[in-house]
Amino acid sequence: MFEDALMESGGKIKTKSKYFVIVGIIINFSIIAAMILIPLIYPEALPTASLTTLLVAPPPPPPPPPPPPPAPVHIEKVVSEMMNNQLTAPTKIPKEIKMVKEEAPPSMAGVAGMDGMAGGSAGGVMGGILGGIGTGPAPVVKAAAPKKIAVSAGVIAGNKIGGMDVRYPPIARSARIQGTVVLQATISKGGTIENLRVLNGPPMLQQAALEAVKTWRYKPYLLNGEPVEVETQVNVVFTLGG
């Protein structure tokens with residue numbers, strides 16, 4: 001009977017302790033849930049100082065200080081040295097720099113030849129030359145004649161002095177071809193024909209015109225009393241009527 005009583009009391013104790021554990025867990029969870037939910041449901045219950053601290057943004061940081069001004073750079077002039085009439089780099093930097101004063105240019109009163117320029121007297125080589133030019137007659141300068149000038153066909157035709165007559169080609173006459181052959185020619189200083197070439201005209205009449213004109217002679221064309229070459233045109237007219 002004593003053992004049965006011990007066994008029964010042991011079962012009752014175990015059963016009661018199990019209920020206590022479950023009830024304790026439920027109470028703890030309830031307290032924790034209340035602590036979490038009450039601030040969410042009733043925010044005014046929170047301390048005002050902590051809310052103000054959380055909601056107010058912190059002030060911005062102060063601007064950085066301005067950079068210090070750059071240190072002045074002292075540039076020292078280096079005086080170059082002349083050795084054997086050559087510019088060389090200085091071996092050391094001088095502590096003091098001396099100002100070099102340029103001398104005034106010499107006056108022109110004592111230069112030889114200036115008196116000759118003013119009055120024509122020979123005060124030296126330059127003065128003698130300038131003085132002679134000032135007192136003597138002015139030199140006559142001749143303009144060089146051009147090598148070649150252009151003259152119209154009408155003007156140069158009056159200078160013709162000889163040459164073969166133009167022959168009408170028999171084939172062109174039979175074909176009743178007529179017209180004017182225009183030739184470009186250079187008349188030399190001696191009056192001969194050079195660089196003769198055809199510009200235009202009937203083809204059957206060109207050869208006859210070339211053979212005749214290349215034998216023509218002209219008086220030399222004078223410019224300022226001197227003969228010059230002349231570039232001109234020669235017109236050879238072929239007509240069936242003669």
Side-chain angles (χ1 to χ4, degrees), residues 21-150 184 186 195 223-224 226 228-231:
V21 172
I22 294 172
V23 172
I25 292 174
I26 292 172
I27 292 171
N28 291 332
F29 273 110
S30 299
I31 294 170
I32 294 172
M35 294 175 64
I36 295 173
L37 294 176
I38 286 173
L40 297 178
I41 297 173
Y42 302 101
E44 61 273 6
L46 294 174
T48 307
S50 61
L51 287 175
T52 306
T53 306
L54 294 175
L55 295 176
V56 176
V73 180
H74 298 283
I75 301 175
E76 297 184 358
K77 294 183 179 179
V78 179
V79 180
S80 57
E81 299 177 357
M82 294 291 293
M83 295 181 64
N84 298 328
N85 295 328
Q86 292 184 356
L87 188 65
T88 58
T91 57
K92 60 182 180 179
I93 300 176
K95 295 181 179 179
E96 297 181 358
I97 299 175
K98 296 181 180 180
M99 298 297 294
V100 179
K101 295 183 179 180
E102 297 183 357
E103 297 180 358
S107 61
M108 300 298 293
V111 179
M114 293 302 294
D115 294 338
M117 292 176 61
S121 61
V125 177
M126 184 183 294
I129 294 174
L130 293 176
I133 292 176
T135 56
V140 178
V141 180
K142 281 189 175 183
K147 294 183 179 180
K148 186 184 295 186
I149 62 173
Q184 185 75 21
T186 300
N195 302 326
L223 181 65
N224 297 330
E226 295 184 2
V228 293
E229 292 184 349
V230 173
E231 189 76 17

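Not measured: the values here are computed from a predicted model.
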Kindly write out the residues that satisfy side chain to side chain contact (heavy atoms under 4.5 Å, CB included) with I27, not counting sequence neighbours, or none if the list is empty.
V23, I31
Which residues pass the side chain to side chain contact (heavy atoms under 4.5 Å, CB included) test with I26, sequence neighbours left out?
I22, S30
With sequence neighbours excluded, what pairs up with Q184 under the side chain to side chain donor-acceptor pair (under 3.5 Å) test?
E231
